[in-house]
Amino acid sequence: MKAAKTLGQFIIEKQADFPFAKGELSRLLRDIAIAAKIVNREINKAGLVDILGEAGTTNIQGEGQKKLDVYANEQFIAALQSGGECCIVVSEENDEYIYIDSEISKNAKYIVAIDPLDGSSNIDVNVGVGTIFSIYRRKSTEGKATMVDVLQRGVEQIAAGYVVYGSSTMLVYTTGKGVNGFTLDPSIGEFCLSHPDMTVPKDGNIYSINEGYYAHFPDGIKKYIKYCQVEDDATHRPYTSRYTGSMVADIHRTLIKGGIFMYPITAQAPNGKLRLVYECNPIAFIVEQAGGKATNGYERILELEVKELHQRSAIIIGSTNMVNKAEEMLACFSPQITKRNFEGEVVIQ
Ligand SMILES: O=P(O)(O)OC[C@H]1O[C@](O)(COP(=O)(O)O)[C@@H](O)[C@@H]1O
Ligand SMILES: [Mg+2]
Ligand SMILES: [Mg+2]
């Protein structure tokens, strides 16, 4: 049987696609994979080690941090600090960005934005969780990298990926040349190529949204949910509903089976819940690279202006034809939400 290609072998092989590459991005992806393995080891035995439950601290979003949020955050930051290829880390769990001021990183040109543990509400109940990462090249060339280097739009991403800690552990990433998935083989401790050239079907029959907030959704979203539930054989409706509460797990399913994942604005979250820099942008890059579509209901996620580290955005993502239909419903039934300024105030067009 042909030995599976490891992530390291694949990255080196793909480096040939980038004639001027010096291996920095390859080493950065290696560092992220190492931290993912360490986090995976703890997740796999979570009930036996003191890693479940609350950490007793809150992050800038006012969310209670789980012990595993804090642990995963420490592991990824440590790997990025010791790897030497990253000059700034932006993390969901840190109020400000972290400037890596070490000798080994003084010439580092990459910025990494990370959601160290995605799906925190599922940690204690053994439901799939994940890690999301986004990589940018610094824009400034002189001196220390600054906020200007951090607040880049999603279209500027050099690479993005996620790790899903589920029944198996997988790392899925893109460098803008398609999407590939690697499964961790615990017997050799290596991520091995298992899902080459992942593509999201143009159509699907799964919709994914937290219907508990139905009363607070824009009319266009309510109409789309009803559309998904109507009986119509010709269009394979009613669709089935799947929502795990972990964005990474819901997106991974959508990437493989097709479908649509939605976290729209609600009355409580007028800018949406999910964060643009380390959740929406990296996931949008991956899904677009797999042939899908990602919007906030009105605009392409990757073209949204980034004004704050922990800025939130609505997201509607997945199979292109399904996202188009949802956008159609919003344009028709919720036209007034065509644009909001950053303060969240409605700007009637
Ligand atoms: O419980 P809700 O409101 O449906 O939110 C679930 C969403 O929030 C998240 O848990 C937010 O991510 P974090 O766990 O990283 O904070 C997503 O993974 C998920 O899609
Ligand atoms: Mg998250
Ligand atoms: Mg998180």
Side-chain angles (χ1 to χ4, degrees), residues 32 35-36 39 42-43 46 51-55 57-77 89-95 112-134 160-166 206-217 221 225 241-255 259-284 286-287 294 296 301 309-318:
I32 291 171
V39 171
E42 295 306 301
I43 288 177
I51 204 134
L52 293 180
E54 305 295 324
T57 47
T58 55
N59 62 22
I60 189 169
Q61 321 187 41
E63 293 164 348
Q65 292 175 311
K66 300 277 188 178
K67 288 180 183 165
L68 200 53
D69 284 322
V70 175
Y71 178 81
N73 196 37
E74 289 162 356
Q75 297 312 316
F76 280 98
I77 292 172
V89 180
V90 173
S91 169
E92 176 193 1
E93 304 308 336
N94 295 78
D95 300 3
V112 176
I114 197 154
D115 176 355
L117 205 287
D118 178 65
S120 306
S121 64
N122 282 326
I123 294 170
D124 297 351
V125 292
N126 207 357
V127 171
V129 292
T131 292
I132 310 173
F133 63 89
S134 171
Y162 63 76
V163 182
V164 56
Y165 310 98
I206 301 172
Y207 72 100
S208 184
I209 188 167
N210 187 334
E211 293 188 66
Y213 304 143
Y214 182 87
H216 307 290
F217 288 147
I221 294 294
I225 292 172
S241 170
R242 290 281 183 279
Y243 187 78
T244 68
S246 296
M247 181 190 197
V248 165
D250 286 318
I251 291 293
H252 188 63
R253 180 198 59 245
T254 303
L255 209 54
I260 186 168
F261 172 81
M262 301 173 275
Y263 207 114
I265 63 167
T266 63
Q268 297 81 357
N271 289 314
K273 172 184 180 176
L274 301 172
R275 284 55 58 119
L276 185 57
V277 172
Y278 42 79
E279 288 173 320
C280 299
N281 270 333
I283 295 292
I286 294 163
V287 168
N296 63 2
I301 291 281
L309 290 184
H310 303 284
Q311 181 175 330
R312 298 176 188 268
S313 174
I315 187 164
I316 296 176
I317 184 168

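Both ligands and their constituent atoms are indexed starting at 1 by order of listing. Bear in mind that the values here come from a model prediction, so they are computed numbers and not experimental data. All heavy atoms count here, side chains included; hydrogens, waters and symmetry mates do not.
Under 4.0 Å from ligand 1, heavy atoms of D118 appear from its side chain as well as its backbone. Contacts with ligand 1 closer than 4.0 Å are made by heavy atoms of both the backbone and the side chain of S120. The residue N122 has no part lying near ligand 1, judged by heavy-atom distances below 4.0 Å.
Taking a 4.0 Å cut-off on heavy atoms, L117 registers as neighbouring ligand 1.
By the neighbour-count criterion of 12 heavy atoms within 6.0 Å, atom CG of N210 is densely surrounded, having more than that number from other residues, nucleotides or ligands.
Shortest distance from the Mg ion (ligand 2) to D115 is reached at OD2 (N/O/S atoms only). Of all the N, O or S atoms in D118, the one closest to the Mg ion (ligand 2) is OD1. When you scan the N, O or S atoms of E92 for the one nearest the Mg ion (ligand 3), you land on OE1. Taking the N/O/S atoms of E279 in turn, the shortest distance to the Mg ion (ligand 2) belongs to OE2.
In this structure a side-chain-to-backbone donor-acceptor pair under 3.5 Å is present from S91 to E93. In terms of modelled atom types and a separation under 3.5 Å, the side chain of H310 and the main chain of N94 share a donor-acceptor contact.
Between G119 and ligand 1, at least one N/O pair is under 3.5 Å apart. Considering backbone and side-chain atoms alike, S121 places every N or O at 3.5 Å or more from each N or O of ligand 1.
The single protein non-hydrogen atom nearest to atom 20 (O) of ligand 1 is M247 N, 3.2 Å, given as residue, atom name and distance. Looking only at protein heavy atoms, the nearest one to atom 6 (C) of ligand 1 is Y243 OH, 3.4 Å. Looking at atom 19 (C) of ligand 1, its nearest protein heavy atom turns out to be G245 O, 3.3 Å. Given atom 5 (O) of ligand 1, the protein heavy atom at minimum distance is K273 NZ, 2.9 Å.
Near R275, the atoms of ligand 1 lying under 4.0 angstrom from a non-hydrogen atom of the residue are 11 (C), 12 (O), 13 (P), 15 (O), 16 (O). Interface of N210 with ligand 1, defined as ligand atoms under 4.0 Å from a residue heavy atom, comprises 2 (P), 4 (O). Counting the atoms of ligand 1 from 1 in the order shown, those under 4.0 Å from a heavy atom of E279 are 11 (C), 12 (O), 13 (P), 15 (O). The ligand atoms of ligand 1 that sit less than 4.0 angstrom from a heavy atom of D115 are 15 (O). Interface atoms of ligand 1 facing Y263, defined by a heavy-atom separation under 4.0 Å, are 2 (P), 3 (O), 4 (O), 5 (O).
The two residues L276 and S313 come nearest to each other via the heavy atoms CD1-CB, 4.2 Å. The minimum heavy-atom distance between P116 and N73, with the atom names listed, is CG-OD1, 3.4 Å. E279 approaches D115 most closely through the heavy-atom pair OE2-OD2, 2.9 Å.
Distance check for G119 against the Mg ion (ligand 3): none of its N/O/S atoms falls below 2.8 Å.
Among I43, I51, V129, the one residue that satisfies the side-chain contact (heavy atoms from CB on, under 4.5 Å) test with I123 is V129.
In this structure, the side chains of I221 and Y213 stay at 4.5 Å or more apart for every pair of heavy atoms. Between I209 and F217 there is a side-chain heavy-atom pair separated by less than 4.5 Å.
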task = List the steps and the verdict of side-chain contact (heavy atoms from CB on, under 4.5 Å) for Y263 and M247.
result = CA-CA 9 Å; Y263 207 114; M247 181 190 197; over 6 Å; no
ask   = Given the rule in the side-chain contact (heavy atoms from CB on, under 4.5 Å) test, do D124 and K66 qualify, once you have shown the distances and angles that lead to the verdict?
value = CA-CA 9 Å; D124 297 351; K66 300 277 188 178; 3.4 Å; yes
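Under a 4.0 Å N-O distance rule, the pair K67/E54 does not qualify as a salt bridge.
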